[in-house]
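Along the sequence shown, the residues carry numbers beginning at 1. Model, not experiment: these values are computed from the prediction. Values below: every heavy atom of this structure, side chains too, minus hydrogens, waters and symmetry copies.
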Amino acid sequence: MIVPGSRSQALAAALATTLDDTLAVPEFDRFPDGETFAAVPAAGTDTPERAVVVAATPSNDAYVELLQLQDALREAGVESLVTVIPYMGYARQDKVFEPGQPISARAMARAVSTSTDRVVLVTPHEPAVREFFDVPVDIVDAADRLAVPLAGLDTPLDDPLFLSPDDGAIDLARAVRDAHGAGDTDYFEKTRHSGTEVSIEPSDAPVEGRDVVITDDIIATGSTMAESVAVLRERGADRIFTACVHPLLARAARTKLEAAGVERVYGTDTLERDVSVVSAAPVVADVL
């Protein structure tokens with residue numbers, strides 16, 4: 001049985017189709033005092049031996065909902081419970097930046113671990129977060145899925161350059177390039193000063209007259225990505241596309257990218273947005 005969180009309904013449905021498994025229909029509600037409620041009626045009437053919860057956690061409420069779904073399935077008697085976290089909130093708070101701060105990713109991982117037998121993470125910002133869980137963790141990479149919409153462009157990419165925001169993410173750019181089948185890779189120099197403050201230095205890659213695809217694991221506020229686009233525009237790049245596994249697109253991120261001159265924004269369905277044009281279901285299904 002595949003059990004979707006309210007923020008992962010499309011991915012869960014695609015996963016159920018891929019695995020030829022039953023898709024449960026949970027109930028979600030909110031009490032007058034603000035408390036959330038999540039239940040899985042189907043599990044109570046026909047308890048499966050194994051259940052797979054698919055729940056992105058981009059907010060505090062999403063984490064509470066996930067814990068409730070896990071508990072509901074355990075209460076129903078599910079013997080084997082797998083938790084798929086397509087997007088893990090708080091994953092970027094994976095260390096102490098200043099004295100007295102928590103490691104929030106560890107706190108979330110410990111909570112999730114209490115009611116599951118196994119966790120699957122999709123392209124976490126730092127793979128090391130797997131160590132925070134108290135149960136086995138599988139990490140799957142959905143980066144190569146980002147090449148799918150690029151192959152469907154009306155006008156094919158011209159001598160494309162695949163850029164990552166920093167050298168640490170160059171493997172992601174290479175994965176998209178390799179899946180696409182042509183092009184070069186390079187990266188911007190990026191320095192993270194805290195959990196949210198970032199500065200970048202432009203790459204020396206030749207971009208004039210070329211199509212450029214900026215790849216990243218997450219587009220959050222879009223500020224860094226928009227700065228990168230501005231640099232590329234100054235250097236005479238032709239079309240500029242942005243592709244990310246997790247299209248968080250918080251606040252005015254989409255507007256920033258459009259204003260910067262992005263041709264198109266692509267993302268997967270680890271977070272359900274209007275740019276989520278390709279599914280991560282195949283790579284999740286493989287590990288399940």
Side-chain angles (χ1 to χ4, degrees), residues 91-92 122-128 139-194 196-249 253-254 256-268 270 275 277-278 280 283:
R92 288 175 291 173
V122 181
T123 315
H125 186 67
E126 293 292 345
I139 290 178
V140 297
D141 189 5
D144 61 354
R145 299 291 297 157
L146 296 172
V148 174
L150 296 174
L153 292 172
D154 293 336
T155 303
L157 294 177
D158 181 21
D159 188 22
L161 174 65
F162 294 84
L163 279 174
S164 64
D166 55 46
D167 59 345
I170 190 65
D171 286 346
L172 193 151
R174 288 172 179 155
V176 181
R177 187 274 311 273
D178 292 348
H180 178 69
D184 300 319
T185 60
D186 207 329
Y187 60 88
F188 284 90
E189 296 283 356
K190 181 171 75 169
T191 303
R192 184 174 294 278
H193 302 288
S194 69
T196 56
E197 295 180 8
V198 175
S199 63
I200 65 170
E201 295 294 333
S203 166
D204 291 327
V207 301
E208 187 172 359
R210 304 178 71 178
D211 288 334
V212 179
V213 181
I214 309 176
T215 64
D216 207 352
D217 59 337
I218 305 169
I219 298 180
T221 65
S223 297
T224 302
M225 191 73 78
E227 291 177 29
S228 302
V229 172
V231 170
L232 295 171
R233 284 292 178 210
E234 291 174 1
R235 296 188 171 199
D238 193 3
R239 295 180 299 172
I240 302 173
F241 302 87
T242 60
C244 66
V245 176
H246 308 298
L248 188 59
L249 300 178
R254 185 67 182 279
K256 290 178 185 176
L257 295 174
E258 296 287 348
V262 168
E263 183 84 8
R264 203 165 298 171
V265 181
Y266 295 116
T268 79
T270 60
V275 302
V277 296
V278 63
V283 295

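Evaluation of the ring-ring contact (aromatic ring centres under 6.0 Å, His included) test over residues 141-175, restricted to residues two or more places apart or in two chains, returns Phe162-His180. The list of salt bridge (Lys or Arg N to Asp or Glu O under 4.0 Å) pairs with a residue in residues 146-162, not counting sequence neighbours, reads Asp159-Arg210.
In this structure, the side chain of Arg177 engages the main chain of Gly183 through a donor-acceptor pair within 3.5 Å.
In this structure, the side chains of Asp144 and Asp178 stay at 4.5 Å or more apart for every pair of heavy atoms. Taking 4.5 Å as the limit, some side-chain heavy atom of Leu157 sits within range of a side-chain heavy atom of Arg239. Looking only at side-chain heavy atoms (C-beta outward), Lys256 and Val229 stay at 4.5 Å or farther from each other. With contacts defined as side-chain heavy-atom distances shorter than 4.5 Å, the pair Tyr266/Val213 does not qualify. Using a 4.5 Å cut-off on side-chain heavy atoms (C-beta onward), Glu263 and Asp211 make no contact. With a 4.5 Å cut-off on side-chain heavy atoms, Thr242 and Val275 do not count as touching. Counting heavy atoms from C-beta outward, Val231 and Phe188 have side chains that approach closer than 4.5 Å.
Distance check: Asp186 CG to Asp167 CG gives 10.5 Å after rounding to the nearest 0.5 Å. If you take OG1 on Thr224 and CG on Asp166, they are separated by 9.5 Å, rounding to the nearest 0.5 Å. The line from CG of Asp171 to CG of Asp217 is 12.0 Å long, rounded to the nearest 0.5 Å. For the atom pair CG (Leu150) and CZ (Arg264), the distance works out to 9.5 Å, reported to the nearest 0.5 Å. Atom CE of Met225 and atom CD1 of Ile240 lie 11.0 Å apart (nearest 0.5 Å).
Shortest non-hydrogen contact noted between Thr123 and Ala143 is OG1-N, 4.3 Å. In terms of heavy-atom proximity, Leu153 sits nearest to Phe241 at CD1-CZ, 3.8 Å. Nearest heavy atoms, Pro124 versus Ile139: CD-CG2, 3.6 Å. When all heavy atoms of Ala220 and Ala253 are compared, the closest pair comes out as O-CB, 3.3 Å. The two residues Val176 and Thr215 make their nearest non-hydrogen contact at CG2-CG2, 4.0 Å. Looking at every heavy atom in both residues, Ile214 comes nearest to Ser228 through CD1-CB, 4.0 Å.
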Please test Arg92 against Ile218 for side-chain contact (heavy atoms from CB on, under 4.5 Å), starting from the C-alpha separation and ending with a verdict. CA-CA 10 Å; Arg92 288 175 291 173; Ile218 305 169; 4.2 Å; yes
Run the side-chain contact (heavy atoms from CB on, under 4.5 Å) test on Asp141 and Val283 for me, step by step, so that the C-alpha distance in whole Å, both residues' side-chain angles and the decisive distance to 0.1 Å come before the verdict. CA-CA 7 Å; Asp141 189 5; Val283 295; over 6 Å; no
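Tested against His246 for a side-chain hydrogen bond (donor to acceptor under 3.5 Å, both in side chains), the candidates Thr268, Thr270, Asp216 yield a single pass: Thr270.
For Glu258, the side-chain contact (heavy atoms from CB on, under 4.5 Å) test picks out Arg254, with sequence neighbours left out.
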